[in-house]
Structure formats: structure tokens, C-alpha cells
Amino acid sequence: MGKISKDFTWEEMTRSETAEKHNLPNIPGQEAEEAIEELVKRTLQPLRIAYGRPIRISSGYRCRELNKLVGGTALSQHLKGEAADCVAGDASRLLGILLAYNIPFDQAILYKKRNFLHLSLRAERNRRQVIIND
């Protein structure tokens, strides 16, 4: 499927070790594909440029079965292609850059102990909600 942007690929936005382990096809439909493209182009790529270093996606799109296996909520934005969990050297710094550069997002959930930032973007009515979990 190739690249979505300069720094993000379809593979990393849909790949899952859990899906591979359980032989689950984790293939987004058209609406989810469009949401993934928007998330990457409007949020993840601008954040990557501002951060100036690679950002690894530990979880992007999830099909229903995969979402259940990983303990995701029934209303998870990962199901719609609207969310990605981002891993970088310092997830707190990623959150700071996201806010300082006014990059669009719906939710930013910082998981301090696990050092990753969950980011989501909806097509409209984004809340810019920040949650910090110790």
C-alpha cells in the first residue's frame, strides 16, 4: 500500500503483532482509510516535522476482533482509523510540541509510565481534550 506521507506508511498504521499472532486480517474499509489519511496528514506528519525525530506507531487502526484482543474499548477511535499510539524518546515532549504548534487533534492521552501518546482526530468537532495518565 505504500506511503501515506513523507514519514508514515500504511503498513505501520495497520500492522499489529497481536493480529499477526492470531492470524487476523487487520484491513481498514474505505471510511477508516480516509480517517487514517486525515490523521496522518493533519496530525501525525505535522507533529513529526515539529519533533524533528522519528515517531513509531505502536497501534493504529484496529479491526473489531483485534480491538477486543488488546482490551480496547467498544467505542475506541482506533476502530474508525481515527487514532494512533505514538512512541518517541519522550512522550511528554511530544504532547508539549503538539500543543505549542497548535496541531489539530481530538484527544491526546499521555501515558507517562508506558511513555506513549495516544492521538486521535475526528473529521469534525474535535475536542482538543488532553488527558494525562500517570
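We use all heavy atoms of the structure for the numbers below, so side chains are in, but hydrogens, waters and symmetry mates are not. Model, not experiment: these values are computed from the prediction.
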Transitive ILVMFWY side-chain link [X] to [Y], under 4.5 Å:
X	Y	result
L47	I57	yes
I27	L66	no
I49	V40	no

Could you work out, with side-chain hydrogen bond (donor to acceptor under 3.5 Å, both in side chains) as the rule, every residue matching [X], not counting sequence neighbours?
X	answer
E65	none
S120	Q77
Q107	Q129
R128	N102

Does anything in residues 89-98 pair up under side-chain hydrogen bond (donor to acceptor under 3.5 Å, both in side chains), and if so which pairs, sequence neighbours excluded?
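The answer is none; no pair qualifies.
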List the atom of [X], the atom of [Y], and the distance in Å for their closest heavy-atom pair.
X	Y	result
E37	I4	CA-CG2, 4.0 Å
D85	R62	OD2-NH2, 3.6 Å
I103	I97	CD1-O, 4.4 Å
A84	M13	CB-CE, 4.0 Å
A35	K80	CB-O, 3.2 Å
L117	L95	CD2-N, 3.8 Å

Is any side-chain heavy atom of L119 closer than 4.5 Å to a side-chain heavy atom of L44?
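Yes, close enough: below the 4.5 Å cut-off.
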Do S59 and V70 make a side-chain contact, defined as non-hydrogen atoms from C-beta onward lying under 4.5 Å apart?
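Sidechains of V70 and S59: no contact.
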Considering residues at least two apart in sequence or located in another chain, which fulfil the side-chain contact (heavy atoms from CB on, under 4.5 Å) criterion with [X]?
X	answer
R56	S58, V87
E34	Q30
K112	L110, I132, D134

I109 CD1 to F116 CZ distance, which is reported to the nearest 0.5 Å
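Rounded to the nearest 0.5 Å, the CD1-CZ separation comes out at 8.5 Å.
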With rounding to the nearest 0.5 angstrom, report the OG1 to CD distance, T43 to E82.
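Result: 11.0 Å between the selected atoms.
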Give a yes or no on whether I131 atom CD1 has more than 12 heavy-atom contacts from other residues, nucleotides or ligands under 6.0 Å away.
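More than 12 within 6.0 Å, yes.
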Per the side chain to side chain contact (heavy atoms under 4.5 Å, CB included) rule, which among L121, L98, N126, L39 passes with P104?
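So the option named by the test is L121.
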Working for side chain to side chain contact (heavy atoms under 4.5 Å, CB included), residues L94 and C86:
CA-CA 9 Å; L94 272 186; C86 303; 4.1 Å; yes
Please list all pairs passing the ring pair (Phe, Tyr, Trp, His ring centres under 6.0 Å) test where one or both residues lie in residues 15-48, with sequence neighbours left out.
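Not a single pair qualifies under ring pair (Phe, Tyr, Trp, His ring centres under 6.0 Å).
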Output every pair passing ring pair (Phe, Tyr, Trp, His ring centres under 6.0 Å) with a member in residues 44-94, not counting sequence neighbours, ordered by first then second residue.
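Residue pairs passing ring pair (Phe, Tyr, Trp, His ring centres under 6.0 Å), neighbours aside: H78-H118.
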Report the residues that fulfil ring pair (Phe, Tyr, Trp, His ring centres under 6.0 Å) with F8, sequence neighbours left out, ordered by chain and then residue number.
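F8: no ring pair (Phe, Tyr, Trp, His ring centres under 6.0 Å) contacts found.
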Is a side-chain N or O of N26 found less than 3.5 angstrom from the main chain of T14, in a donor-acceptor match?
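Indeed, once roles are kept as given, a pair shorter than 3.5 Å links the two residues.
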Counterpart residues, salt bridge (Lys or Arg N to Asp or Glu O under 4.0 Å), relative to E20 (two or more places apart):
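Partners of E20 under the salt bridge (Lys or Arg N to Asp or Glu O under 4.0 Å) test: R15.
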